[in-house]
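Comments concern the structure below.
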Amino acid sequence: MQDLIWIFIGAMLVNNFVLAYFLGLCPFLGVSGRLETSFRLGLATTFVLLITAICSWFLNTYVLIYAPYLRLISFIVVIASTVQFIEMAIKKLSPALFKALGIFLPLITTNCAILGLAIFATNRGYGFLEGVTFALGAGAGFTLAMVLMAGMREETEIVDVPVLIRGTAINLIIAGILSMAFMGFAGLFSSS
Amino acid sequence: MSMQQQTPQVAEPSPQKLALSVAFAGLISGLVIISIFEATLPTITANKAAELKAAVFKVLPGVASMKKLQYSDGGLSERTQEGADEDTVYGGYNQQGDLVGYAVAGEGPGFQDTIKLLYGYLPEQRKIVGMEILDSRETPGLGDKIFKDKDFVANFDGLAVDPQIKAVKKGSKSAPYEIDAITGATISSKAVVRIINGAHAKWDKRL
Amino acid sequence: MKQQRDPKLLVQPAPLLAQGMTTPSAMRDVWYALLPATLAGLWFFGLSALLVLLACIAGAVMVEWVFTPAESRKVALGDGSAALTGLLLGLTLPPALPLWQAFLGGMVAIGLGKVIWGGLGNNLFNPALVGRAFLLGTFPIAMTTWYPAQGPEHFFDLYSSTFAAPLMQGTWDSLTTASPLGMMKFEHQSSEFWSLFIGNTAGSLGETSGLLLMLGGLWLWWRRDLDWRIPVSIFVTAGLFSLILFMVDSARFPSPLFTLFSGGMMLGAIYMATDPVTSPLSPKGLLIFGTGIGFLVVLIRVFGGMPEGMMYAILLMNSATPLIDRYTQPRVFGRGVERS
Amino acid sequence: MAISGKDASAYDEMIKGIWRDNPVFVQVLGMCPMLAVTNSAINAMTMGLATLFVLVGSSALVSLFRNLIPKQVRISLYIIIIATFVTVIDYTLLALVPAIHKELGAFIPLIVANCMILGRQEAFAGKHSVRFAVMDAIGMAGGFLFAMLVLGSIREILGSGSLFGIDLLGVNFDPWVIMILPPGGFLTLGLILLFFNWVTARRRQFLEQVVATERGNV
Amino acid sequence: MSLLGTLFNLKGTFRHGVHPDPHKQQTVDLRIQRVPFSERYVMPLGQHIGVPAKPVVEKGQSLTRGELIAEPGAFMSTALHSPVTGRVAAIEACRYTDGSFKPAIVIEADPYATQQFQPQPPVDWEALSIDEFIQQVQRAGIVGMGGAAFPAHVKFSIPEGQRIDNVLINGAECEPYLTNDHRLMVERPAAVIRGAEIVRRKLGARRATIGVEDNKPDAIATLQTELGDEPVDIVGLPMKYPQGAEKMLIKAIYDIEVPAGQLPRDCGIVVNNVGTVVAIADWFDSGMPLIERVVTVSGPGINYPANLIVPLGTPLRDLLKFCGGLSDDTREVISGGPMMGAPIASLDVPVLKGTSGVLAFTESETSRPREYPCIHCGRCLDACPYFLNPSRFARLAKARLYDEMKEINVLDCVECGACTFACPSSIPIVQHIRTAKDNLRHQHRRSHSE
Ligand SMILES: Cc1cc2nc3c(=O)[nH]c(=O)nc-3n(C[C@H](O)[C@H](O)[C@H](O)COP(=O)(O)O)c2cc1C
Ligand SMILES: Cc1cc2nc3c(=O)[nH]c(=O)nc-3n(C[C@H](O)[C@H](O)[C@H](O)COP(=O)(O)O)c2cc1C
Ligand SMILES: Cc1cc2nc3c(=O)[nH]c(=O)nc-3n(C[C@H](O)[C@H](O)[C@H](O)COP(=O)(O)O)c2cc1C
Ligand SMILES: Cc1cc2nc3c(=O)[nH]c(=O)nc-3n(C[C@H](O)[C@H](O)[C@H](O)CO)c2cc1C
Ligand code: SF4
Ligand code: SF4
Ligand code: SF4
Ligand code: SF4
Ligand code: FES
């Protein structure tokens, strides 16, 4: 239990995927312009991360012990097709959910946070429960970072940020300061 | 040569043809991957073994050879097959082939991320004789002193495990089971201690 | 009655009255409020502390001056906020910090914390704390090396690290000690309340005297320069959280009084969390903001890796301020009511 | 993606990736590896070279088979090709330089996800001859490598006082730890982009001035 | 009253608002005086929103004081009467308070006339039907005297199916410096009560309430002694700006929040200024149409401040001359109160039906600190009685994001100026809001004309 808490908090706050591991920067810098979108993208990513954790656990346990060299290719193929399959299922079962999250799914599947999760979970030898916790923590952390970023970016649009700095430069600076603030979580629940 | 050359517009290919082309590409790719894997495997395995050996020899000074041992059914036995490393330790043997001590692996949360380490343990003397960090992402210049700071690493030479090892403020080490923590990296120092204590608690009875 | 010519009349938009307080006067008030605590810092830590403060202020003002277009320099520097940022940064630094690092901190505070955002009022993070977070991340050892509070008889004893050459490390003499928070975190050893209250403990040069900081805060509140909601909600949340922990295990967790009077709690809650620019607008937002800070401080102090969490708690809540503002917009009068 | 006129030489294709269309500074692509592994110059270089290998290799292959690749499945095929090259470089590095491979960790396999690579296949290699495709790939990857080196060098010099592991600033140098930590990556790249914007703006200003004075002279 | 209010025994009031220094002591004890007649009077035809009046006189025609000179141009329009006995000098464009030129009837006073007012035959108001009553009010030229000069008869035209329960007489006078309503309540309490009674009876309301701020204890006391057995309440209110804004007053007195976009009458209430009801009483009692009003002339730039009965159309220059002229250091002359009034560019403009005060400010009142950037301090939010977000308005207006402003209800703003008053950075928030509203109106118009 203690371990699971640490995995969750670790992936969400201490080693936030975006702010400490630099995973998923494209959506983080590209899609965080609007709060609403960011939040939904965060949820969709969490969902795909969860699928990924399950898929990669399955692959690790039943396939890759025999053919470790297929790791990369099988991750990509299996995750992409599973997500596609689920996307179709959601479209059928719940058009509302599809409308809210579905449009993001194709965008996410090739994103490095997804692949990164699979690789990290494998490298660390996480079991099923640990993998799922890791995915949930990473997803929560990603969503948190996206939402905070989006709130701040919406604000920078109405204040007098100098023209030279507008755009990616100020976004990176915000991310840098946010990442500095997240350093405060270092060592959370690992000491004492 | 024309710059604007486009992929020629062919009539809609049949699904079979599409699947075939993907399968073909997959096949080729699989072949390439297997060959590079086979080609590099010996080197990689050798590198890994050498690295492990170096680490074991480092934490168990005076050892000439090592064996991978597995704990199962209440006893230790040599382990041969590859795969998961749970419940394994490394036995270190001297020139004569007598068991000197064990190299035990442990891991746990550090300041930033998981720390993985290996320590050498002499069961007869109930002493730790060396410690090596295998993997960590502690802060450069601070937390990374757990393997870069010679004084700190030297703490683990001849360290008593009873009742339990303990980190104290630098310079105030007084008992044989105490280590001097690194100033400014107390958390990392304590994490190392906690990982060793954890691993020791698990292995104490088994060795 | 003499025939007089019409005077030349001004036509300004209404309203034509304003209450007395102005932005520069608010900044000035914060200076006055900090004066006692600053003097206490100098009393305890001597000349080196003064030099650290001056270096920070110089760094801050220099960057503000260089990067402000010439025509608005007078306004930008005249409001006194850049120098205030420098002072506040300096008050959060260890008294023995090498001066070049303090100067760099001042530059980063204004450069990354303010100028890049478009100057006063546009930044989302507290500039002084951006400077401090940068320094702590950059020079973690120098930033966590504390000396015990001494007294005026040692006023002219400079710390050996103060004049370290630029880019080079300082040298520390053997007097260094742990701050009360460090002792709590690593030795589970609480400090005496009275010295925390008066301020003769090791720590950042302006954070040690809870008493003087509180007096300054009361004065600011009386002058209506700060909103009571932020400090009060921080104190209440942090106090309650640590009271609960203390009741669970009083040997391991600090007492609420220790929590409130140690480290940067007073300085942060009264002078830095209340920075109007980086805190929410509405009263409800301010309470949420303060509650968040109070919770995060105790979380980081007790369960995190760092002994002190005030700075990080404030920066983290700064990042949430736009969201808080958005969701605490008060209900507009006459909206959402049924026709009676 | 601007494709220059017919007379543009392959050399031009190459050179524009390095500065004018620099994938990092101008197009803001491939940010994740860019920031994650640039905490030292040697890591940055290794990663840059690995990316170069993958990009050039897969561009050549894609362009060679561009007439055979069915449009409907091209993305999957591109990814398979890229993943193959990545696996190759992954194992090669693991065998040859295990220490650096360990530091780069998961980021070598993540080259697969680098949007710059797939982007070049889609935008360029799939439509051009091998010669141009390779030149473009070298240019883009070169630009990427250049950016990696700039960032890696700045971060290593300030953060460790050394460059490629060679001590530059002496033992007493107080390293700026934050530079090799995550915030340092974000902040440095942000400031470099700011600098880039500034240079571009200055150049535009200068050109406008020249144009204006010439008009005045006429 | 809200739970909190009950708990702390707060007097009924609205939330937020500001407390400007009242500055009323200069004129509060001065009896209302009559000004001597001027030589020239200017009566602009349009003095309120709606349709301007139509002149019924010609150039050169002689007039007696109180004679009709322009009749309502439409329903949303009121009549004008001559304030003096004299002669129509011209019908031409004259300078208006906002600086523009508007058509007006210019009257030259007859220096030899007695200026005796010719009463119209009094009307028995009790016998009038509501429609006749409305016509009478329109004929008398009566508009709201609280500032906006909204035609009073329009307010009294209650649509089918609505019922008025309460008539609220606005004696708050929350604007600093102004004391005209105060003096009226002290000196003519009977007329106030009678006017209120007329409106109440004609609209069929159950009760009338007179809301007066606590800083006018003498007004409350006088009204109280004058009260017979009419169903009229006199309610004291804690001092706060903008207590006099009708929706705030309704909130303060009845604890009713008039929904945005609706009128008080939708909640069964009609609000009238004390000056308005006095004008109504005067018309029905003595047949005097609206030809003069009470104006407070005050401020540090005025040598002899006063409360004056001023014939409409009197040029401000003459009015000020009567008060001893402007002091040499006068920098600003304001028509109305300092919070919502308008500074004027020229002393040629006349006193209008809505002119409640004329103030002269000197250097020390007009010099404003330089504008600083918004420091996000939230004081403007605490000031805004409508619970709007003025800080965001100002930021959005600077970025020209008017549609976003509309989304956060900028159109609910009544431009009371409390936010700007409270702002330590001297940001002209109201000015930004006006710009935004203008832009939105233009957009609106454009999208409709397409
Ligand atoms: C940027 C930064 C990085 C740090 N990295 C570590 C670290 O890797 N390991 C560690 O034990 N402490 C680290 N610390 C310091 C801890 O927060 C804490 O201050 C320290 O462990 C206290 O030790 P001391 O009591 O010996 O000074 C870091 C601090 C900062 C600001
Ligand atoms: C901000 C603001 C302040 C006001 N202050 C007063 C006031 O002090 N006294 C007053 O009679 N009307 C004041 N008014 C006008 C009232 O809202 C309302 O229009 C008036 O009382 C209606 O009466 P009338 O039409 O008879 O003038 C104010 C309006 C606003 C928007
Ligand atoms: C277009 C318009 C139509 C109005 N119609 C009525 C009405 O029919 N009945 C009414 O009681 N008040 C009506 N009002 C008057 C307002 O409620 C308010 O009293 C008037 O605008 C003066 O407000 P002020 O003095 O607070 O600015 C109307 C106002 C406007 C702007
Ligand atoms: C009550 C109060 C508190 C302030 N606190 C800070 C602070 O903590 N840090 C800072 O840089 N500036 C502070 N300022 C100054 C100013 O708001 C700051 O320079 C802006 O954040 C710069 O945009 C404060 C000002 C006031 C009035
Ligand atoms: S991965 Fe997608 S979002 Fe990121 S830069 Fe590439 S194309 Fe854009
Ligand atoms: S002017 Fe408008 S925004 Fe400002 S306080 Fe008054 S109602 Fe609110
Ligand atoms: S726009 Fe608003 S403030 Fe202006 S007259 Fe209309 S209701 Fe009054
Ligand atoms: S009162 Fe002025 S400075 Fe304060 S938040 Fe409002 S607009 Fe900004
Ligand atoms: S999300 Fe990481 S490189 Fe695109």
Side-chain angles (χ1 to χ4, degrees), chain C residues 63 66-67 69 93-94 96-105 107-118 123-125 127 129-145 160-172 305-306 311-312 315-316 318-319, chain D residues 24-25 28 31 35-41 43 150-202 204-206 208-209:
Chain C
V63 170
V66 168
F67 286 102
L93 298 180
L97 194 73
L99 293 184
W100 73 268
Q101 296 182 353
F103 186 75
L104 179 72
M107 287 174 44
V108 171
I110 294 293
L112 277 188
K114 184 169 164 193
V115 168
I116 266 195
W117 303 81
N123 50 308
L124 297 179
F125 291 97
L129 292 181
V130 168
R132 186 176 203 275
F134 178 86
L135 283 179
L136 182 58
T138 307
F139 310 113
I141 300 186
M143 286 289 290
T144 50
T145 304
S160 47
S161 51
T162 299
F163 286 112
L167 295 183
M168 298 300 145
Q169 285 167 4
T171 45
W172 314 104
M306 314 274 182
M311 171 183 85
Y312 290 114
L315 285 175
L316 286 165
N318 282 164
S319 77
Chain D
V24 177
F25 296 150
V28 201
M31 292 311 243
L35 290 166
V37 301
T38 48
N39 49 8
S40 76
N43 289 355
V150 170
L151 201 58
S153 307
I154 296 178
R155 291 179 70 187
E156 185 177 347
I157 293 175
L158 283 176
S160 316
S162 61
L163 188 59
F164 288 102
I166 301 163
D167 205 354
L168 290 184
L169 294 167
V171 282
N172 256 334
F173 172 69
D174 204 357
W176 296 26
V177 178
I178 203 164
M179 298 303 285
I180 38 184
L181 297 180
F186 284 116
L187 295 176
T188 315
L189 187 56
L191 292 177
I192 291 179
L193 286 184
L194 172 57
F195 178 73
F196 227 80
N197 290 350
W198 183 72
V199 170
T200 320
R202 282 305 286 263
R204 188 166 350 105
Q205 229 172 25
F206 176 74
E208 273 163 16
Q209 242 170 31

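We name chains A, B, ... by the order of the sequence lines, and we start the count at 1 in each one.
Neither the backbone nor the side chain of D:P183 comes within less than 4.5 Å of any heavy atom of chain C. Looking at C:I116, the atoms closer than 4.5 Å to chain D (heavy atoms on both sides) all sit in the side chain, from C-beta outward. Using a 4.5 Å cut-off between heavy atoms, D:L191 contacts chain C through its side chain alone, with no backbone atom that close. Proximity to chain D is absent for every atom of C:L135, based on heavy atoms less than 4.5 angstrom apart.
Annotation: ring pair (Phe, Tyr, Trp, His ring centres under 6.0 Å) contacts of C:F103 (sequence neighbours excluded): none. Contacts of C:F134 classified as ring pair (Phe, Tyr, Trp, His ring centres under 6.0 Å), with partners at least two apart in sequence or in another chain: none. The side-chain contact (heavy atoms from CB on, under 4.5 Å) search around D:I157 returns D:L163, D:L168, D:L169, not counting sequence neighbours.
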Once you leave out hydrogens and angles, what donor-acceptor pairs under 3.5 Å do chain C and chain D share?
residue, atom, partner, partner atom, Å
C:Q101, NE2, D:D174, OD2, 2.8
C:G137, O, D:I178, N, 3.1
C:T138, O, D:V177, N, 3.0
C:L167, O, D:D174, N, 2.9
C:Q169, N, D:N172, O, 2.8
C:Q169, NE2, D:F173, O, 3.3

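More than 12 heavy atoms of other shown residues, nucleotides or ligands fall within 6.0 angstrom of atom CZ in D:F173. At most 12 heavy atoms of other shown residues, nucleotides or ligands fall within 6.0 angstrom of atom CZ in D:F195.
Between D:V177 and C:P140, the shortest heavy-atom distance links the atoms CG2-CD, 3.8 Å.
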